[in-house]
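Everything on this sheet refers to the single structure shown next.
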Amino acid sequence: DVKVTQSSRYLVKRTGEKVFLECVQDMDHENMFWYRQDPGLGLRLIYFSYDVKMKEKGDIPEGYSVSREKKERFSLILESASTNQTSMYLCASTHWTSGHKRTQYFGPGTRLLVL
Amino acid sequence: DQQVKQNSPSLSVQEGRISILNCDYTNSMFDYFLWYKKYPAEGPTFLISISSIKDKNEDGRFTVFLNKSAKHLSLHIVPSQPGDSAVYFCAASTNTGNQFYFGTGTSLTVIP
């Protein structure tokens with residue numbers, strides 16, 4: 001079974017703090033993703049990475065950065081947390097294939113509250 | 001701009017009846033579609049997928065239908081069970097792209 005784990009399930013931080021969210025997958029997947037989920041807005045892509053040290057901006061990258069130093073680990077960084085970054089953060093990974101069997105596997109999510 | 005849309009935020013059905021969840025997309029380059037189920041405080045879990053070369057895919061109680069000309073897909077759950085109560089997201093991708101595009105979700109409640 002594919003396993004995607006996230007470092008924390010719940011996190012409370014103060015405005016202006018630097019926040020690190022970590023994600024690890026154990027299936028040797030090339031692609032990893034960070035989303036945030038907000039009511040009525042669905043899943044919005046923040047950043048994704050298709051290889052070590054590679055990253056691409058998603059739809060809402062402002063206020064976030066990422067790091068992929070090892071294939072199995074993808075970190076999301078909030079440089080200076082703000083209250084509008086209170087959200088559920090979801091990490092996902094997938095194996096790259098040009099065929100039609102691509103499926104994203106998600107971690108359990110981190111619910112972040114910024115006070 | 002939302003390329004994948006789920007226009008019904010919520011749906012309630014009686015146990016044993018059919019649940020039909022709908023999804024529309026705008027990008028004609030999408031060729032692979034997925035449905036995910038999400039319980040509160042958990043990550044989404046993959047439910048069923050369909051390639052654009054098919055118009056129907058079935059897995060147990062779950063069937064996904066794809067109408068390419070209408071750029072519309074639907075998920076049918078028959079019979080619906082209380083454990084199916086969750087938020088359902090549809091997602092789409094292209095054959096060459098790395099990204100998946102998600103809808104806003106439909107919250108399904110199955111009433112016992």
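Letters go in sequence order (proteins before strands), and every chain restarts at 1. None of these values were measured; they are calculated from a predicted model.
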Quiz prompt | Approximate separation, where rounding is to 0.5 Å, of T103(A) OG1 and L34(B) CG | solution = 5.5 Å
Quiz prompt | Heavy-atom neighbours of K5(B) NZ exceed 12 at 6.0 Å | solution = no
Self-check item: Candidate pair F46(B) and F106(A), rule side chain to side chain contact (heavy atoms under 4.5 Å, CB included), full reasoning
Solution: CA-CA 9 Å; F46(B) 170 73; F106(A) 283 85; over 6 Å; no
Quiz item: Does the side chain of K38(B) come within less than 4.5 Å of L90(A)'s, by heavy atoms?
Solution: yes
Exercise. Go through the atoms of P44(B) and report whether side chain, backbone, both or neither lie under 4.5 Å from a heavy atom of chain A.
Key: both
Self-check item: Check: L43(A) and Y101(B) side chains under 4.5 Å, non-hydrogen atoms
Solution: no
Quiz prompt | Reported CD-to-CD distance for the pair Q99(B) and E56(A), which is rounded to 0.5 angstrom | solution = 8.5 Å
Practice problem: Decide whether L108(B) and W35(B) are clustered together by the hydrophobic rule: side chain heavy atoms of Ile, Leu, Val, Met, Phe, Trp, Tyr closer than 4.5 Å, transitively. | Solution: yes
Quiz prompt | A41(B) portion near chain A, given a 4.5 angstrom heavy-atom threshold | solution = both
Quiz item: Pick from R111(A), R9(A), R44(A), Q104(A): which one has the most heavy-atom pairs with chain B under 4.5 Å?
Solution: Q104(A)
Practice problem: Would you give the length of the straight line joining atom CZ of F100(B) to atom CG of L45(A), rounded to the nearest 0.5 angstrom? | Solution: 11.0 Å
Exercise. Measure D59(A) against the heavy atoms of chain B and call it side chain, backbone, both or neither at under 4.5 Å.
Key: side chain
